[in-house]
Amino acid sequence: MFWADELAASATGRQVVNDSKTPSGTVHVGSLRGPVIVDTIARALRNAGTDVELRYGVDDLDPMDAQALLTPDAIERFMGVPLAHVPDPAGDCHPSYARHFAGAFVDTFDGLGIRPDVYYWMSEVYGSGAMDRYIRAALDAAPKIRDIYRRVANVNHPDDWHPLFVICETCGRIGTTIVTAWDPDAATVRYECRPDLVQWASGCGNGGEVSPFGGRAKLPYNVDWAAKWELFGVTIEPAGKDLSTKGGSRDRSDAVAREVFGNEPPMNLPYEFLNIGGRKMSTSKGLGAAATQIADVIPPEQLRLLFLRPKPKVAIEFDPDGTDAIPRLFDESDRLAAATAGREVRGELPPDHERVFSYSLVDADADVAAEAAAYRPAFSHLALLEQIPGVDVVERVTAEKGSPLTTRERELLEERRAAARAWLATYAADSARIAVHESLPAGAAELDEVQRAYLAALAAAHAPPSGEGWQALIFATAKERGLPAGEAFRAIYVTFLGRPNGPRAGWLLASLDSAFVAGRLREAATAGAPA
Ligand SMILES: [Zn+2]
């Protein structure tokens, strides 16, 4: 069974799936794994007939803690201030820093078909008073929470530390304050805004006594997390491996849920990272491509597939610079479509491949059979066609399909053409970029007799109509003539591209005019031959 369906099969009753994010800086492609996983779980639950709500929280009361994200003149003023209170660095397009960057990830999610039932903003949730009872419970249980931090995570807070961050009334910072006392009868806390509490921001030195309610303060990350579970009735919340380690964030929040709020935490489904080009992608370190940048090269359907096909606990190794990682991703997506449409495919299929394919679709309500049956020209083939002057790609693809393209097929084609062009301009290896020589390259004179005879045999064969057909012919002919495949491919590349390597030869020949191919093969077969 596919992992998300397996999870859905084990769930009973109404489910609330939750995820959240701090809206700081760019969304990196690696950070999309979590959102794709929660969306897939919600879809699987719906498929299983379960009543489900997908919630996505924006942690916009979190303090600004990265200087690199601010302009130099804003650092002094805004480090430590809640993201919801920092102005939009891009000008006036949004009311705050948080709204600007959350807008970017909401758009990214939407493009991937991740459409939570509810987006909620923690500044609003705290402001509405909905968190007040958890703030009171946490302050009442301050000694217990200090004990949980000590016991579960080996973090020692001083005895007067209270689990709350007040927004300083003087300077507006939240990252620099510490609550040192709680008076449950007066319902006030005493706090100090310390210049040296954290290294990344400097508090103003003031302090006072305030009510902690109605948006004037926020709970620390782990307590806040457990409070959200309570408030929204969360039943499933997958967390990244970094949060799911022993004694890590998730353990602390689990302990707070059980011991302070008296409830079982939601089901966790720890997920691994996406390792891009062998390096761990981390949003805070700013490694890896921006999601918007990778979206130019990998359409949403293929990007969803990249994240959802492996089990969450399996790390994904993905190197977009690799010779053919991106074409392979398209090929795999096409293979699943073909298998779902009932066509025979090569290689092993994942269990429930139809479900894997359907979850990769952007539109959760799409007609899966129609999507699977749509004509999908191979990415590598399109990448070649895009480079050959004078080719009418639409006409060519229509001829290959053998009937007019439907509106949806035209859409798929244009999406892929744009991706292929973006790929050629960015990640594609040099071997994927081609320049077919207008006349026989000089290097063809170096071909040996066996290679020349091989090319003559190819020229004499009936030209196959497709890249796959050519690829098969290239292999079969080489085998017949006892020519190692490497030598056979080299002969073809030298003949057309004037170099010993290139993109998949079958697709290269299929993309060229067949009379031109036959003529060039014959020419190379006789070049340098004794007169
Ligand atoms: Zn202050």
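Numbering of ligands and ligand atoms starts at 1, following listing order. Given the structure is predicted, the values throughout are model-derived calculations rather than measurements. Residues: numbered from 1 along the sequence shown.
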In terms of relative ring orientation, are [X] and [Y] parallel, tilted or perpendicular, with 30° and 60° separating the classes?
{"X": "F109", "Y": "Y119", "answer": "parallel"}
{"X": "F213", "Y": "W182", "answer": "perpendicular"}
{"X": "H157", "Y": "W161", "answer": "parallel"}

Exercise for the section: Tell me the protein N, O or S atoms under 2.8 Å from the Zn ion (ligand 1), in chain and number order. Expected result: C168 SG, C171 SG, C193 SG, C204 SG
Practice task
Validate the cation-pi geometry between R99 and W121: distance from NZ or CZ to the six-membered ring centre under 6.0 Å, angle to the ring axis within 45°.
Solution key: yes
Fill in the blank from the handout: Interatomic distance, CZ@R194 vs CZ@R173, rounded to 0.5 Å, equals 16.0 Å
Output a table of donor-acceptor pairs, distance under 3.5 Å, between side-chain atoms of residues 412-420 and any protein atom two or more places apart or on a different chain; print 'none' if there are none.
unit_1: R416; atom_1: NH1; unit_2: D334; atom_2: OD1; d: 3.3
unit_1: R416; atom_1: NH1; unit_2: D334; atom_2: OD2; d: 3.0
unit_1: R416; atom_1: NH1; unit_2: P377; atom_2: O; d: 2.9
unit_1: R416; atom_1: NH2; unit_2: D334; atom_2: OD1; d: 2.7
unit_1: R417; atom_1: NE; unit_2: E386; atom_2: OE2; d: 2.5
unit_1: R417; atom_1: NH2; unit_2: E386; atom_2: OE2; d: 3.3

